[in-house]
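Remember, it's 1-based here, ligands and their atoms both numbered in the order they're listed.
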Amino acid sequence: MIHPDIQEVILSEAQIQARIRELGAEISRDYEGSSVLLIAVLRGAALFLADLARDISVPIELDFMAVSSYGSSTKSSGVVRILKDLDEPIDGRDVIVVEDILDTGLTLKYLLKNLASRKPASLEVITLLSKEGKQRVPISCKYVGFICPDEFVVGYGLDYAEKYRNLPYIGVLKPAAYQD
Ligand code: IMP
Ligand code: MG
């Protein structure tokens, strides 16, 4: 049963879950013998984090940041604000930033610079989706779930005006579903 506002499903629930299991196994291998601090960027990455964390076998800790870059529009403003900072220091920790989608890269660029200044032992990025050819700033992202077409997508944490985050798949909205 596909949501009536969805025009096309681009990644099914099964595809997403299978890829997350692979990413979890990769991280478990790469960090064998150590522990990882996963920092999720709220709110979109929360669902990805929840599934990914359970597919990682090395010890993990979780922390959260919230930034704003979009408001409720579908275009990147380039303006990044920290709405919620981490609860714990990260100096000396092996950190992986968990993102839902890498679009222009402006949000992550700001975030990585900010986190690097806190002197973690290592700092990597995992993103579920990366929009091919859209990055305006170079971001080195060690783990990428899927390359995604340059379209606005929703589901599995990704929203349009805070809706559709609970869809278990990722899809493109019908034009009629947009309010702006
Ligand atoms: P960037 O700064 O342009 O890379 O934007 C990153 C953030 O914009 C992501 O973390 C999402 O919150 C949001 N975003 C970018 N593209 C999409 C999309 O296609 N659907 C939903 N949110 C998106
Ligand atoms: Mg986000």
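- Which parts of ligand 1 touch E99 is read off a 4.0 Å heavy-atom cut-off, strictly below it: atoms 10 (O).
- Side-chain polar atoms of Y164 and D5 form a donor-acceptor pair below 3.5 angstrom.
- Under the side-chain contact (heavy atoms from CB on, under 4.5 Å) rule, V97 has a single partner from I126, T127, L123, which is L123.
- With sequence neighbours excluded, the residues satisfying salt bridge (Lys or Arg N to Asp or Glu O under 4.0 Å) with K142 are D30.
- Counting heavy atoms closer than 4.0 Å to ligand 1, residue D100 contributes side-chain atoms (C-beta onward) but none from N, CA, C or O.
- Heavy-atom contacts of D159 reach the following atoms of ligand 1: 21 (C) (cutoff under 4.0 Å).
- Linking ILVMFWY residues whenever their side-chain heavy atoms come closer than 4.5 Å, directly or via other members, leaves I10 and I147 in distinct clusters.
- Here the side chain of K174 pairs a donor or acceptor atom with the backbone of P4 at under 3.5 angstrom.
- The proximity of T104 to ligand 1, defined as any non-hydrogen pair under 4.0 Å, involves the side chain as well as the backbone.
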Please tabulate, for the side chains in residues 52-66, all donor-acceptor contacts under 3.5 angstrom to protein atoms that are two or more places apart in sequence or on a different chain.
unit_1	atom_1	unit_2	atom_2	d
R54	NE	A50	O	2.9
R54	NH2	A50	O	3.4
R54	NH2	D51	OD1	3.0
S57	OG	S28	OG	3.3
E61	OE1	R93	NH1	3.4
D63	OD1	D87	N	3.2
D63	OD2	D87	N	3.1
D63	OD2	E88	N	3.2

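- For a threshold of 3.5 Å applied to N or O pairs, the pair formed by L158 and ligand 1 contains no separation below that value.
- The proximity of E151 to ligand 1, defined as any non-hydrogen pair under 4.0 Å, is limited to the backbone.
- For Y160 and Y178, the gap between ring centers is short of 6.0 Å.
- Those atoms of ligand 1 that come under 4.0 Å of a heavy atom in G105, given as number and element, are 1 (P), 3 (O), 4 (O).
- For ligand 1, the atoms lying closer than 4.0 Å to a non-hydrogen atom of K131 are 16 (N), 17 (C), 18 (C), 19 (O).
- Near T107, meaning under 4.0 Å from one of its heavy atoms, ligand 1 places the atoms 1 (P), 2 (O), 5 (O), 6 (C).
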